[in-house]
Amino acid sequence: MPVATPDQYAEMLDRAKAGGFAYPAINVSSSQSINAVLQGLAEAGSDGILQVTTGGADYFAGHTVKARATGALAMAKFATEVAKNYPITVALHTDHCPKPALEDFVLPLLAASEEQVKAGGEPIFQSHMWDGSAVPLGENIEIAKELLPRLKNINAILEVEIGVVGGEEDGVKHEGTNDALYTTTGDVAQVVEALGLGDQGRWIAALTFGNVHGVYKPGNVKLKPELLGEIQEGIAAKFGTAAKPLDLVFHGGSGSTEEEIALAVANGVIKMNIDTDTQYAFTRSVAGFMFSNYDGVLKVDGEVGNKKAYDPRAWGKVAESAMAARVVEATQQLGSAGKSLGV
């Protein structure tokens, strides 16, 4: 199916919130990883989100070029075309954009979408993340207030991060204090007072509850998904809204237990970012293929190797299927399997 229109994306998120499930948002950095995600979502019967970081966009453009806006546009065009062949719906999103990257990542992409919408088309990306976790909360909010009207005008969605997700994501590194790893209701109330609750444009929020980017063993990070429920209750009480007024995003979830994921989703998470686990699934399968077929992929002892083994498509298909399997697992953990708009 084609990439989601803004209305379809909004419907996806609304269905997740009402149905108590979340969509996997998978980071991609190549045509292979896009194909792997589409394969996995189709096998699971789940819709989902393809997202690209500044580093991923740099890689799409050519690793010696570092033209991230060009790379992101190339990613979107490829995904938009190939997604038509799969019986599921995907949205396109730009992940973590810190302040120094606004000028060469999100802002030119917004301008490109504005031109496309002006010409009668749809936005290129259905949502964009502004990562203001490295700046003071006041500045974080001010930049979000500047971006939100532009996104509303093209019918796209803004993602904000309130608090600090520890670890590192594609060069965006945070080593905040323990307190900064847990968003407070007061922090979120300031954001709501500035951005509204949908009247000024739709936004979704990555609140922090001890989560850390990267890989870690279960138990090494103290997640508090119950904090999300407490914040939802606090915001509902302060602003007189229905229960769970916030649409939430789960960052840094590698190593989380099924119980932690389930509680986060129950407390309003509708999008969960997945990167480290799918990267590992892809690369582990390549390593396995190379070890198992070393005498084919290498010219050993004067032999000529086996072209059918070292053809990149041979190990590429293995890698894509392994990554797709991890995507299927994610849809099952998040409850989106079998719930595609097209099912």
Side-chain angles (χ1 to χ4, degrees), residues 3-6 9-10 12-13 23-31 33-34 37 48-61 65-80 83 90-117 121-135 140 143-144 146-162 165 168-172 201-206 213 247 249-252 270-275 278-279:
V3 163
T5 65
Y9 187 34
M12 283 171 57
L13 299 183
Y23 292 106
I26 315 294
N27 286 77
V28 296
S29 57
S30 67
S31 60
S33 52
I34 290 175
V37 175
I49 300 163
L50 293 168
Q51 58 186 30
V52 65
T53 61
T54 54
D58 281 338
Y59 190 75
F60 265 108
V65 178
K66 304 292 186 184
R68 54 186 50 155
T70 298
L73 291 172
M75 170 266 185
K77 288 181 180 179
F78 180 84
T80 297
V90 290
L92 305 182
H93 173 77
T94 60
D95 197 17
H96 291 278
C97 180
K99 185 179 178 181
L102 282 170
E103 291 295 333
D104 62 0
F105 190 49
V106 162
L107 293 182
L109 295 177
L110 268 179
S113 278
E114 286 167 343
E115 286 299 313
Q116 190 157 296
V117 170
E122 302 285 6
I124 299 166
F125 288 88
Q126 288 71 56
S127 55
H128 293 280
M129 181 185 181
W130 147 238
D131 183 353
S133 57
V135 301
N140 185 351
I143 292 175
E146 294 172 8
L147 292 171
L148 189 59
R150 292 184 66 179
L151 284 155
K152 182 181 180 182
N153 286 340
I154 60 171
N155 204 13
I157 295 170
L158 176 67
E159 180 179 330
V160 296
E161 184 169 318
I162 308 167
V165 176
E168 181 175 344
E169 176 73 8
D170 241 343
V172 180
R202 187 166 186 172
W203 55 278
I204 57 180
H213 287 129
D247 295 333
V249 183
F250 188 165
H251 285 223
I270 55 174
K271 171 180 179 279
M272 180 172 176
N273 290 9
I274 301 170
D275 188 16
T278 45
Q279 287 177 336

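Remember, predicted model here, so these are calculated numbers, not experimental data.
- Taking the ring-ring contact (aromatic ring centres under 6.0 Å, His included) definition, one finds that Phe125 meets it with His128, sequence neighbours left out.
- Checking side-chain atoms of Gln126 against main-chain N and O of Leu92 turns up a donor-acceptor pair under 3.5 Å.
- His93 and Ser127 share a donor-acceptor pair across their side chains, judged by distance under 3.5 Å alone.
- Side chains of Ile34 and Met75 form a contact here, defined as non-hydrogen atoms less than 4.5 Å apart.
- Atoms CG and CG, on Leu148 and Leu158 in that order, are 5.5 Å from each other to the nearest 0.5 Å.
- Contact of the Thr94 side chain with the Thr54 side chain is not registered, since no non-hydrogen atoms from C-beta on lie closer than 4.5 Å.
- Taking all atoms of both residues into account, the shortest heavy-atom contact from Val160 to Ala144 is CG1-CB, 4.0 Å.
- Distance alone, capped at 3.5 Å, places no donor-acceptor pair between the Gln51 side chain and the Asn27 backbone.
- Using a 4.5 Å heavy-atom cutoff, the side chains of Ile154 and Leu110 are in contact.
- Scanning all heavy atoms of the two residues, the minimum distance from Glu122 to Pro6 falls at OE1-CD, 3.1 Å.
- Taking all atoms of both residues into account, the shortest heavy-atom contact from Ala206 to Glu159 is CB-OE2, 4.1 Å.
- Shown here for Ala57 and Val52, the closest heavy-atom pair between the two residues is N-CG2, 3.4 Å.
- Summarising the geometry, atom CG belonging to Asp247 is positioned 9.0 Å from atom CH2 belonging to Trp203; distances are rounded to the nearest 0.5 Å.
- The two atoms that bring Val135 and Asn140 nearest to each other are CG2-N, 3.7 Å, heavy atoms only.
- Partners of Tyr9 under the ring-ring contact (aromatic ring centres under 6.0 Å, His included) rule, at least two apart in sequence or in another chain, do not exist in this structure.
- Side-chain contact between Ile157 and Leu151: absent, with no pair of heavy atoms (C-beta onward) separated by less than 4.5 Å.
- Side-chain contact between Asp275 and Thr53 is absent, with no heavy atoms from C-beta onward closer than 4.5 Å.
- How far SG of Cys97 is from CD of Glu103: 9.5 Å, rounded to the nearest 0.5 Å.
- Side-chain contact between Leu109 and Ile124: absent, with no pair of heavy atoms (C-beta onward) separated by less than 4.5 Å.
- Within the 3.5 Å criterion, the main-chain N or O of Leu102 finds no donor-acceptor partner in the side chain of Trp130.
- Looking only at side-chain heavy atoms (C-beta outward), Val249 and Asn273 come within less than 4.5 Å of each other.
- To the nearest 0.5 Å, the span separating OG on Ser31 from CZ on Phe78 amounts to 4.5 Å.
- Two residues are said to be in side-chain contact when any heavy atoms from C-beta on lie closer than 4.5 Å; Asp104 and Lys66 fail this criterion.
- Between the CD1 atom of Ile274 and the CD atom of Gln279 there is a distance of 12.0 Å, given to the nearest 0.5 Å.
- The two residues Phe105 and Asp95 make their nearest non-hydrogen contact at CE2-O, 3.8 Å.
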